Each structure stands twice: as C-alpha cells, then as structure tokens.
Amino acid sequence: MERIPVDLRGVLEEALALIRESPAGAARGVALQWPRVPWPPPPIQGDPDLLVLAFRNLLDNALKFARPEDPVEVRVFEGAGGVYVYVEVADGGPGIPEDDLPHVLEPLYRGRNAQGVPGSGLGLALVHRIIRGHGGTIKVRSRPGCGTAVRIWLPVEGTPSLAQRIRRWLGARNLFPVGRRPGRQAQDGETQAQARPPSDPIVPAS
C-alpha cells in the first residue's frame, strides 16, 4: 500500500465520476459538501487508488439500497485538533435493522433488508479493511425508515500512526526505550538477536 500525500477532494470526485458511469448512478445526483471556509481540509496520507475503491463501494452501497427519490450526500469535515479528516456518506434510504447493525462490517454478512438486492456481502468489509490499513476508523449509524450514515476518520498527512504513538508513549516513560524491543533469554544454540521478536507488535485500529 502506498503512503503518499493524497488530495481527498480528488479521491472523492474520482469515486463520484465512476459511480456516475454505472447504471445505478447515471440518473442520480450525489451532493459533495466540501468546506471552503475558513480553510479546506488538509491532505491525508495513503494510497489514492485504494481510497477511491473504498469510497466508490460506499457510494455504490448507498445508491443500491436507497430508492431513486432518496437523497445521497458526501460530507467532509476537519476533525478536532486538525489531526483527522472525516468523510460521511449518508443516504435517506430504508435504514438498517438494529439487530443487523453490529454485523454489517463482517465479511459475507447480508442483513434482512439486503434480501433480493444483488451483492456479495463483501463491500463494507473491504471498505473496513482499507480504512484500517490507513490508520483510520469507520462507524455505521442507521435508523430504520430514516437512512444510514457511514462515517470514516482518516489521519492527516504527517500524523503518527496509533502504533507509533504508543511506542513513543512507552519510550517516554522508560517502560522500554524507543528502538529497542523486549525479548526472551536466548536458548542453547540461539543468539540473542534470534530471541528478539521478529517485528513490531501489530496494534489494530478500531
């Protein structure tokens, strides 16, 4: 996965252009609310192709479940402290039943309102995987009869990852110095270098 500065507006506009080429999106208007004042959101860091794929999947999902007359909006905001930018894809569709909501990010899960709607149950799970790979988080909110909003937080360019922040916090408190990792005692015929963990621990994003 690439780690380069990404113009989020360009990513969203490309995803919208791809959606408008599809049968479901050709006749639908999707509003992009991009803030201009007092300043636009800063660049994020990541892989533009994967982010386009993620937002295209979200838009396709919203259009697929919403009725033709239901509005679909993309809203962008800068998070508190300027550390995150969050994007919300919202629709005025039928919403997700409360007992289905905790499972919609699971691979292959198909809720009750998905019966008869084409799909594999992988769309939101793929979005979840891409966003976690970028150090971001995703939250799905929904009210039956009102609609659904999928909110994604993405770190701004230059923001340390969660794993980096934890390692710095531990190093600042001398729990173990940054750059060194605790390891077990070497056994017979094994060097101390071989006894160290092979890589940094993985700290998953929520």
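This structure is a prediction, so every number in the text was calculated from the model and none was measured.
Across every non-hydrogen atom of Gly93 and Asp70, the tightest pair is CA-OD2, 3.5 Å. Closest of all the heavy-atom pairs between Ala125 and Glu106 is CB-C, 4.1 Å. Residues Pro40 and Trp34 share a closest heavy-atom pair of CB-NE1, 4.0 Å. Heavy-atom minimum distance, Ser142 versus Ile96: OG-N, 2.7 Å. Across all non-hydrogen atoms, the minimal contact from Gly135 to Pro155 is O-CD, 3.9 Å. Scanning both residues, Gln45 and His134, for their nearest heavy atoms gives O-CD2, 3.8 Å.
Within the structure, every pair that satisfies the salt bridge (charged side-chain N to carboxylate O under 4.0 Å, His left out) test and touches residues 76-93, not counting sequence neighbours, is listed here: Arg75-Glu88, Glu88-Arg141, Glu88-Arg151. Note on residues 35-53: no pairs pass salt bridge (charged side-chain N to carboxylate O under 4.0 Å, His left out), not counting sequence neighbours. Sorted by first and then second residue, the salt bridge (charged side-chain N to carboxylate O under 4.0 Å, His left out) pairs with a member in residues 7-17 read Arg9-Glu13; sequence neighbours excluded.
With sequence neighbours excluded, the residues forming a side-chain hydrogen bond (donor to acceptor under 3.5 Å, both in side chains) with Gln33 are Glu73, listed by chain and number. By the side chain to side chain contact (heavy atoms under 4.5 Å, CB included) test, Pro48 pairs with Glu2, Ile4, Val6, Val11, sequence neighbours left out. With sequence neighbours excluded, the residues forming a side chain to side chain contact (heavy atoms under 4.5 Å, CB included) with Pro35 are Pro41, Val76, listed by chain and number.
Note that CD1 of Ile138 is 6.5 Å distant from CD1 of Ile131, once rounded to the nearest 0.5 Å. Annotation: the span from Thr137 atom OG1 to Arg132 atom CZ amounts to 10.5 Å, rounded to 0.5 Å. To the nearest 0.5 Å, atom CG of residue Leu105 and atom CZ of residue Arg129 are 13.5 Å apart. How far CZ of Arg56 is from CG of Leu18: 5.0 Å, rounded to the nearest 0.5 Å. In this structure, CG on Asn57 lies 14.0 Å from NE2 on His128, to the nearest 0.5 angstrom. Rounded to the nearest 0.5 angstrom, Leu154 CG and Tyr84 OH are separated by 9.0 Å.
More than 12 heavy-atom neighbours from other residues, nucleotides or ligands sit within 6.0 angstrom of CZ on Arg3.
For the side-chain contact (heavy atoms from CB on, under 4.5 Å) with Val156, the lone residue among Val83, Leu8, Val85 that qualifies is Val85.
Within the 4.5 Å cutoff, the side chain of Ile152 has heavy atoms near those of the Leu58 side chain. Side-chain contact between Asn61 and Val89 is absent, with no heavy-atom pair separated by less than 4.5 Å.
Using a 4.5 Å cut-off between side-chain heavy atoms of Ile, Leu, Val, Met, Phe, Trp and Tyr, Ile130 falls into a hydrophobic cluster with Met1, Leu50, Leu53, Leu126.
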Could you walk me through whether Val30 and Leu63 pass side chain to side chain contact (heavy atoms under 4.5 Å, CB included), step by step?
CA-CA 9 Å; Val30 179; Leu63 292 172; 4.2 Å; yes

